[in-house]
Amino acid sequence: MADSQKVPPDSVHVWRGFRSQDKTQQQFEEFLGSVFVPGCSLLQPNAGLQAYIPSLPRSEGKPPTVPDQSALMFWTTKQTYHDAFKCVAVRCYTNLHGDLYDTSRSAAEFPILLPEANLQPETPYFLIDAPADWMSGEVMHYIGARNHDVSPEVFHRHILQWAKGMQSERALKGGLLCAGESYVVAWTLWGKGHGNTQCFEPLKVFSTPWLDQTSETYELAHGLWEDWPGIPMSAPNSLNIQLHRILDT
């Protein structure tokens, strides 16, 4: 693993992916593990990708309004992300999306600072306005479906209240969230050995969890030219992939 590399909180693409109806869940997971996730892990770090956390919620019985996959992709800066498309490797990886996702529903955006009031649907937010290295920390991830007896307005109000409470956690190094009309995805970053496994408990009062776990550190020991089946991706899981990064000098 490379040495610590902190990046700004607004330089991460917050991805919510919905499986293409042309793929079964098994095909979806197999393609993710054998092609898509390895492709992102190996083709993009030299173009500025600094951390990558792909995740899969439980699939059996999951409401179709909840994303089939989530991911965080941290870039050195926003401009680094845009410049990365000059690279053939990045364009090749990006073109894989159409083979896997319903691109009319899936989305990724850079987050903005958490507001004082009124979360906007499908808008990612960051909680801590300071650079952080998510690859080196302890990441907790939550994916939840809005309970049927909770309106979208109340749902968003509760999420905002939870997020504001998290901002006062002294041990919190970083936080991200995005809420749709019927789902919420949230990530928290803590120092090694200081992860708060109970941090999402308040979200469970008004949402049903489909993923609630610490992202497992995955050592990236293989390259593009080796005999290798890929990165294990099966629901549910969340991986903090240890990229081979090129550090700024």
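What you are looking at is a predicted structure, and each value in this text was computed from that prediction instead of being measured.
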Subject >> side-chain hydrogen bond (donor to acceptor under 3.5 Å, both in side chains) between Ser59 and Asp68, intermediate numbers included >> reply: CA-CA 7 Å; Ser59 59; Asp68 297 295; over 6 Å; no

**OP:** Heavy atoms only: give me the nearest Asn95-Asp99 pair and the separation to one decimal.
**Re:** O-OD2, 4.4 Å

Original post:
With sequence neighbours left out, what residues match Trp162 under ring-ring contact (aromatic ring centres under 6.0 Å, His included)?
Top reply: Phe200

Original post:
Would a distance-only check, ignoring hydrogens and angles, find a side-chain to backbone donor-acceptor pair under 3.5 Å from Ser11 to Trp75?
Top reply: yes

Subject >> Leu43 side chain near Val90 side chain, heavy-atom distance below 4.5 Å >> reply: no

Subject >> From Leu189 atom CG to Ile128 atom CD1, the distance as rounded to the nearest 0.5 Å >> reply: 9.5 Å

**OP:** May I ask you to check whether over 12 heavy atoms, not counting those of Lys192, lie within 6.0 Å of atom NZ?
**Re:** yes

Subject >> Spacing of His141 atom NE2 and Leu56 atom CG [to the nearest 0.5 Å] >> reply: 9.5 Å

Subject >> Student check: side-chain heavy atoms of Leu113 and Phe126 closer than 4.5 Å >> reply: yes

**OP:** Could you tell me the separation between the CZ atom of Phe110 and the OG1 atom of Thr123, rounded to the nearest 0.5 Å?
**Re:** 14.5 Å

**OP:** For Thr76 and Val7, work out which heavy atoms get closest and say how close.
**Re:** CA-CG1, 4.0 Å

Original post:
Going only through I, L, V, M, F, W and Y residues with side-chain contacts under 4.5 Å, is there a path from Leu32 to Ile143?
Top reply: no

**OP:** Taking all heavy atoms of Gln120 and all of Tyr125, pick out the closest pair and write down the distance.
**Re:** N-OH, 2.8 Å

Subject >> Under 3.5 Å: donor-acceptor pair, side chain of Gln27, backbone of Thr24 >> reply: yes

**OP:** Applying ring-ring contact (aromatic ring centres under 6.0 Å, His included), name anything that partners His97, two or more places apart in sequence or on another chain.
**Re:** Trp15, Phe36, Tyr93, Tyr101

**OP:** Search all heavy atoms of Glu226 against all heavy atoms of Ala221 and return the closest pair with its distance.
**Re:** OE2-O, 4.2 Å

**OP:** Hey, could you give me the OG/OH distance between Ser41 and Tyr218, rounded to the nearest 0.5 Å?
**Re:** 8.5 Å

Original post:
Does one hydrophobic cluster hold both Phe31 and Met73, with members joined at side-chain heavy-atom distances below 4.5 Å?
Top reply: yes

**OP:** Using the side-chain contact (heavy atoms from CB on, under 4.5 Å) rule, take Leu243 and Gln50 through it: C-alpha gap first, then chi angles, then the decisive distance, then the call.
**Re:** CA-CA 7 Å; Leu243 303 176; Gln50 297 295 335; over 6 Å; no

Original post:
Do Val12 and Ile112 belong together in a cluster built from hydrophobic side chains that touch within less than 4.5 Å?
Top reply: no

Subject >> Sub-4.5 Å side-chain heavy-atom contact between Trp228 and Pro38 >> reply: yes

Subject >> Where at least one partner belongs to residues 197-207, residue pairs that pass side chain to side chain donor-acceptor pair (under 3.5 Å), sequence neighbours excluded >> reply: Tyr142-Ser207, Glu201-Lys204, Lys204-Asp212

Original post:
Do Arg157 and Gln161 come close enough that some side-chain heavy atom pair is under 4.5 Å?
Top reply: no

Subject >> side-chain contact (heavy atoms from CB on, under 4.5 Å) between Gln69 and Phe28, worked out >> reply: CA-CA 10 Å; Gln69 195 241 336; Phe28 183 68; 4.0 Å; yes

Original post:
What closest approach, in Å, do Leu160 and Glu116 show between heavy atoms, and which atom pair accounts for it?
Top reply: CD2-O, 3.8 Å

Original post:
Which residues satisfy the ring-ring contact (aromatic ring centres under 6.0 Å, His included) test with His158, sequence neighbours excluded?
Top reply: Phe206

Original post:
Is Trp210 reachable from Phe18 through a run of hydrophobic residues whose side-chain heavy atoms are each under 4.5 Å from the next?
Top reply: no

Original post:
Quick one: does Arg58's side chain get under 4.5 Å of Leu211's, heavy atoms only?
Top reply: no

Original post:
Say you draw a straight line from CD of Glu109 to CG of Asp10; how long is it, rounded to the nearest 0.5 Å?
Top reply: 14.0 Å

Original post:
With distance as the sole test, does Arg19 use its side chain to make a donor-acceptor pair with the main-chain N or O of Leu100 at under 3.5 Å?
Top reply: no

**OP:** Might you work through the side-chain contact (heavy atoms from CB on, under 4.5 Å) test for Met140 and Trp190, ending with a clear yes or no?
**Re:** CA-CA 8 Å; Met140 312 292 173; Trp190 314 81; 3.6 Å; yes

Which pairs would a plain distance check flag for residues 173-186, meaning a side-chain donor or acceptor within less than 3.5 Å of a matching protein atom at least two apart in sequence or in another chain?
| unit_1 | atom_1 | unit_2 | atom_2 | d |
| --- | --- | --- | --- | --- |
| Ser182 | OG | Arg146 | NH2 | 3.4 |
| Tyr183 | OH | Arg16 | NE | 3.3 |
| Tyr183 | OH | Glu122 | OE1 | 2.7 |
| Tyr183 | OH | Glu122 | OE2 | 3.3 |

**OP:** Treating Ile, Leu, Val, Met, Phe, Trp and Tyr as nodes and any side-chain heavy-atom pair under 4.5 angstrom as an edge, say whether Phe85 and Val88 lie in one connected cluster.
**Re:** no

**OP:** List the steps and the verdict of side-chain contact (heavy atoms from CB on, under 4.5 Å) for Phe74 and Leu72.
**Re:** CA-CA 6 Å; Phe74 293 85; Leu72 299 178; 3.6 Å; yes

Original post:
Taking C-beta and beyond as the side chain, do Leu172 and Asn196 meet within less than 4.5 Å on heavy atoms?
Top reply: no

**OP:** Give, for atom CG of Leu49 and atom CE of Met135, the distance between the pair rounded to the nearest 0.5 Å.
**Re:** 9.5 Å

**OP:** Identify the two heavy atoms, one from Pro9 and one from Pro131, that lie closest to each other, and give their separation to 0.1 Å.
**Re:** CD-N, 4.2 Å

**OP:** Before giving the answer on side-chain hydrogen bond (donor to acceptor under 3.5 Å, both in side chains), spell out for Thr103 and Ser106 the whole-Å C-alpha distance, their side-chain angles and the decisive distance to 0.1 Å.
**Re:** CA-CA 5 Å; Thr103 55; Ser106 303; over 6 Å; no

Just distance, no hydrogens or angles: give the donor-acceptor pairs under 3.5 Å from side chains in residues 232-241, sequence neighbours left out.
| unit_1 | atom_1 | unit_2 | atom_2 | d |
| --- | --- | --- | --- | --- |
| Asn237 | ND2 | Pro232 | O | 3.4 |
| Ser238 | OG | Ser55 | OG | 2.7 |
| Ser238 | OG | Ser215 | OG | 2.7 |
| Asn240 | OD1 | Gln242 | NE2 | 3.4 |
| Asn240 | ND2 | Trp134 | O | 3.0 |

Subject >> Side-chain touch Asn147/Thr208, heavy atoms, less than 4.5 angstrom >> reply: yes

